[in-house]
Amino acid sequence: MGGGWAAALLFGVGMLLLAGDGAAGVGNSCFDCHTMHHSESGSTMLLISGCVGCHSHEGPETVVEMGAARIPIVYNTGGPPDAMLAGGNFHWVVTMGDQYGHNVLGVSGPDQYLATAPGGSAGCANSCHQSLALAEVHVPGGSLALDDGCQSCHGSVKHHRPERPPGTPADAETGWYRFLKAPALHGFAANKPGVGGIGVADWERHADSDHHNIYLADDGSNNPTQRSLSRFCSGCHQNFHTQVGRATPWLRHPTNYAIPDRGEFAAVIGAAYNPQVPVAKPDLYSHQSEVVEAGDQVACVSCHRAHGSPYPDMLRWDYSQMRAHQGGEAVGNGCFFCHTAKDA
Ligand code: HEC
Ligand code: HEC
Ligand code: HEC
Ligand code: HEC
Ligand code: HEC
Ligand code: HEC
């Protein structure tokens, strides 16, 4: 493709974007992010960088200004982040070891301990279900070369999505919650919805009980319109899925499970929402009540960070400090936020 032709195309689309009513999700000059000549790995989008390049930063900041745009940083290369965003950070999987995060192509090599996603049962050798660090993956009908591993989870990337009033639930037009959708490598994935939720504008760099992301709860069904983040995680970690009812013992901690309004949990219902221990909400339109409500569910991200954390197993807090009935800094946090009778 000739540079001149591509530039003309880009400007053509630019005019449309500027003339259209949908404002671009990014607010500054095209040249800040696009190049007219050389593009990262020959991408047809003519971008100055790939996902990892734009979303990494050498300094400790996790929201970096670029003209009018603010870039959320998920990998601080020069040292730990000063305040991590909701998904955590890939810093520790590189500096501390493979247990501290997802091993993702472009950030780290394959996990040396895990040959597949724990709890995974999809099979499909050499696919994203086995590793997120492969440069070439098997897909139904062939194989595919990848530039980075980010799109194994972010399969609906739409930086130029229309702007919506704060608090509007994510949908297909806006690329779903944080662009999370199974990549359209499978026939079924193309028609499947992505993850539901409401993302807070600073990605939880400064989170408190009334300023945080809202995760959509699971509806308990097995239908393909399921949009909870926990169900999305279970796309690769199938066996860590909900156990409906209590007939079988939990394989793992109950997930997609409503916190009951009884026993030690009664004290959680009505408590201020704690962004250190998020729960998923059944109704995104009634999230205004910034407390844990009856029906709110335990989710994978109640305990884990999606990208990585300073703790083994990508946990949100230091599990080694969660000793029953010993008080200390863990009181009211981590496991004890819900298991209120086990801390002090
Ligand atoms: C802050 C960075 C940034 C800025 C500024 C930016 N873009 Fe983009 N653009 C991207 C990224 C990242 C993609 C890749 C995929 C995606 O998100 O759709 C992209 C994709 C595109 C695409 C292909 C996909 C689509 O949505 O149609 C076009 C065309 C495009 N940009 C044009 C422009 C024009 C014209 C401008 C200036 C008005 C502009 N961009 C400004 C980051 C930016
Ligand atoms: C040219 C720089 C650039 C590139 C390349 C880029 N991004 Fe972004 N990204 C941004 C900026 C700026 C924002 C914040 C503004 C916005 O949300 O559009 C952003 C936002 C995001 C968000 C948060 C969306 C939300 O709901 O707030 C995700 C997720 C994301 N990018 C993933 C990706 C992935 C995956 C890729 C590779 C396919 C990628 N980005 C490539 C600049 C970039
Ligand atoms: C295993 C799946 C997975 C992979 C791989 C992944 N992400 Fe994410 N990402 C998520 C999830 C889930 C969230 C939402 C986290 C939340 O809100 O708790 C997220 C959030 C984000 C955000 C918003 C900031 C935040 O922390 O909430 C950005 C930006 C982003 N991802 C970029 C990337 C980039 C760049 C890569 C590749 C280096 C990547 N992601 C790889 C699952 C993934
Ligand atoms: C696209 C497939 C995929 C998705 C989606 C996915 N994972 Fe994973 N996960 C993997 C693979 C592969 C591994 C094993 C290798 C590694 O750590 O990267 C893994 C490993 C893990 C580990 C162990 C980390 C370690 O290295 O010891 C945890 C914890 C985890 N995932 C949690 C989650 C959570 C929580 C989500 C949803 C936010 C999620 N995963 C979504 C593929 C996935
Ligand atoms: C109540 C907290 C909690 C919830 C909810 C939770 N986990 Fe975990 N998870 C843990 C802890 C703690 C560990 C550390 C190992 C252990 O004690 O089993 C762990 C370990 C893991 C591992 C690593 C297992 C291994 O063999 O290396 C994966 C993968 C994982 N969790 C994925 C998930 C997924 C996916 C979900 C949602 C379906 C989820 N977890 C929900 C607390 C939780
Ligand atoms: C977001 C709330 C929440 C968090 C955080 C949480 N739990 Fe739970 N936990 C629950 C609920 C709800 C149940 C199910 C209780 C019931 O229905 O009786 C449960 C059940 C359990 C059970 C009993 C499982 C069974 O087989 O019956 C154990 C053990 C447990 N949790 C340990 C932990 C540990 C350890 C942590 C921290 C790593 C933790 N929990 C964090 C809400 C939570």
Side-chain angles (χ1 to χ4, degrees), residues 9-18 24-34 43-56 62-63 66-75 84-90 102-107 117 128 132 148-154 157-161 175 177-180 195 197 199-200 203-205 212-213 215 229 232-233 236 243 246 249-250 253-254 257-260 262-265 268 274 277-279 292 296-307 315-317 319 322 324 333-339 342:
L9 174 73
L10 199 54
F11 279 112
V13 176
M15 307 282 277
L16 283 176
L17 283 175
L18 294 170
V26 283
N28 51 342
S29 154
C30 318
F31 298 99
D32 286 335
C33 303
H34 296 280
S43 149
T44 50
M45 306 257 182
L46 295 165
L47 286 163
I48 53 163
S49 160
C51 314
V52 180
C54 266
H55 288 282
S56 299
T62 43
V63 176
M66 187 164 85
R70 290 148 56 245
I71 311 178
I73 300 300
V74 299
Y75 176 29
M84 61 183 155
L85 306 180
N89 202 278
F90 289 106
H102 276 120
N103 290 61
V104 173
L105 181 65
V107 170
C128 305
L132 305 169
D148 61 55
C150 311
Q151 284 107 314
S152 358
C153 292
H154 298 283
V157 175
K158 288 195 178 170
H159 291 85
H160 291 284
R161 63 197 179 286
Y177 178 72
R178 304 304 190 211
F179 309 154
L180 294 166
V195 171
V200 74
W203 305 279
E204 289 196 350
R205 185 173 157 86
H212 56 83
N213 294 322
Y215 304 96
L229 179 54
F232 181 79
C233 303
C236 293
Q243 309 248 323
R246 302 292 302 273
W250 304 106
H253 192 278
Y257 183 78
I259 301 167
R262 62 170 153 76
E264 64 174 334
F265 301 105
V268 185
N274 180 355
V277 190
V279 292
V292 178
D296 287 0
Q297 295 174 357
V298 185
C300 307
V301 292
S302 298
C303 303
H304 295 283
R305 298 270 182 196
H307 295 149
L315 288 168
R316 302 182 79 95
W317 4 264
Y319 191 27
M322 306 277 153
N333 206 352
C335 313
F336 303 136
F337 176 68
C338 296
H339 293 280
K342 308 268 187 322

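Because the structure is predicted, anything quoted here is derived from the model rather than measured. Order of appearance sets the numbers: ligands from 1, and atoms from 1 within every ligand.
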Name the closest protein heavy atom to [atom], giving the residue it belongs to and the distance to 0.1 Å.
| atom | answer |
| --- | --- |
| atom 13 (C) of ligand 3 | Leu180 CD1, 4.0 Å |
| atom 16 (C) of ligand 3 | Tyr215 OH, 3.2 Å |
| atom 2 (C) of ligand 3 | Cys153 SG, 1.9 Å |
| atom 23 (C) of ligand 3 | Trp203 CD1, 3.7 Å |
| atom 11 (C) of ligand 3 | Ala306 CB, 3.5 Å |
| atom 28 (C) of ligand 3 | Val74 CG1, 3.6 Å |
| atom 21 (C) of ligand 3 | His307 CE1, 3.3 Å |

Ligand-side contact atoms (ligand 3) for residue partner [X], heavy atom cut-off under 4.0 Å:
| X | result |
| --- | --- |
| Leu229 | 12 (C) |
| Val52 | 38 (C) |
| Asn213 | 17 (O) |
| Val104 | 5 (C) |

Taking distance alone, with N or O pairs closer than 3.5 Å, would you say [X] contacts ligand 3?
| X | value |
| --- | --- |
| Gly87 | yes |
| Ser152 | no |
| Tyr177 | yes |

> Would His339 count as a contact for atom 8 (Fe) of ligand 6, in the sense that one of its N, O or S atoms lies under 2.8 Å from it?
Replying inline: yes
> Can an N, O or S atom be found in Cys335 less than 2.8 Å away from atom 8 (Fe) of ligand 6?
Replying inline: no
>> Between Cys150 and atom 8 (Fe) of ligand 3, is there a contact where an N/O/S atom of the residue lies under 2.8 Å from the metal?
In response: no
Counting heavy atoms only, which of [options] comes nearest to [atom]?
| atom | options | value |
| --- | --- | --- |
| atom 19 (C) of ligand 1 | His55, Met66, His34 | His34 |
| atom 37 (C) of ligand 1 | Cys54, Cys30, Cys33 | Cys30 |
| atom 12 (C) of ligand 1 | Arg161, His154, His159, Lys158 | His159 |

>> Exactly one of Val107, Val104, Thr62 should register a side chain to side chain contact (heavy atoms under 4.5 Å, CB included) with Tyr75. Which one does?
In response: Val107
> With respect to atom 8 (Fe) of ligand 6, what is the nearest N, O or S atom of His253?
Replying inline: NE2
Contacting atoms of ligand 6, where contact means under 4.0 angstrom from a heavy atom of [X]:
| X | result |
| --- | --- |
| Val277 | 5 (C) |
| Gly334 | 5 (C) |
| Cys338 | 1 (C), 2 (C), 3 (C), 4 (C), 5 (C), 42 (C), 43 (C) |

> Should Ser302 be counted as touching ligand 6, given the test is an N or O pair under 3.5 Å?
Replying inline: no
>> With respect to Tyr257, determine whether any N or O atom, backbone or side chain, lies less than 3.5 Å from an N or O atom of ligand 6.
In response: yes
> Using heavy atoms and a threshold below 4.0 Å, how should the contact between Val195 and ligand 3 be classified: side chain, backbone, both, or neither?
Replying inline: neither
> Looking only at heavy atoms, is any part of Asp148 under 4.0 Å from ligand 3, and if so is it the side chain, the backbone, or both, or is it neither?
Replying inline: neither
>> Using 30° and 60° as the class boundaries, would you call the ring planes of His160 and His34 parallel, tilted or perpendicular?
In response: parallel
>> Are the side chains of His154 and Leu180 in contact, using a 4.5 Å heavy-atom criterion?
In response: yes
> Do Trp317 and Cys335 come within less than 4.5 Å of each other through their side chains, counting heavy atoms only?
Replying inline: yes
> Is the distance between the ring centroids of Phe179 and His159 under 6.0 Å?
Replying inline: yes
> When the ring centroid of His339 is compared with that of Phe265, is the distance short of 6.0 Å?
Replying inline: yes
> For ligand 1, which atoms have a heavy atom of Val157 less than 4.0 angstrom away?
Replying inline: 16 (C), 17 (O), 18 (O)
> Taking the non-hydrogen atoms of Phe232, is any one of them nearer than 4.0 angstrom to ligand 3?
Replying inline: no
>> Taking only non-hydrogen atoms of Gly149, do any sit less than 4.0 angstrom from ligand 3?
In response: yes
> Is the side chain of His212 donor-acceptor paired with the backbone N or O of Val200 at a distance under 3.5 Å, no angle test?
Replying inline: no
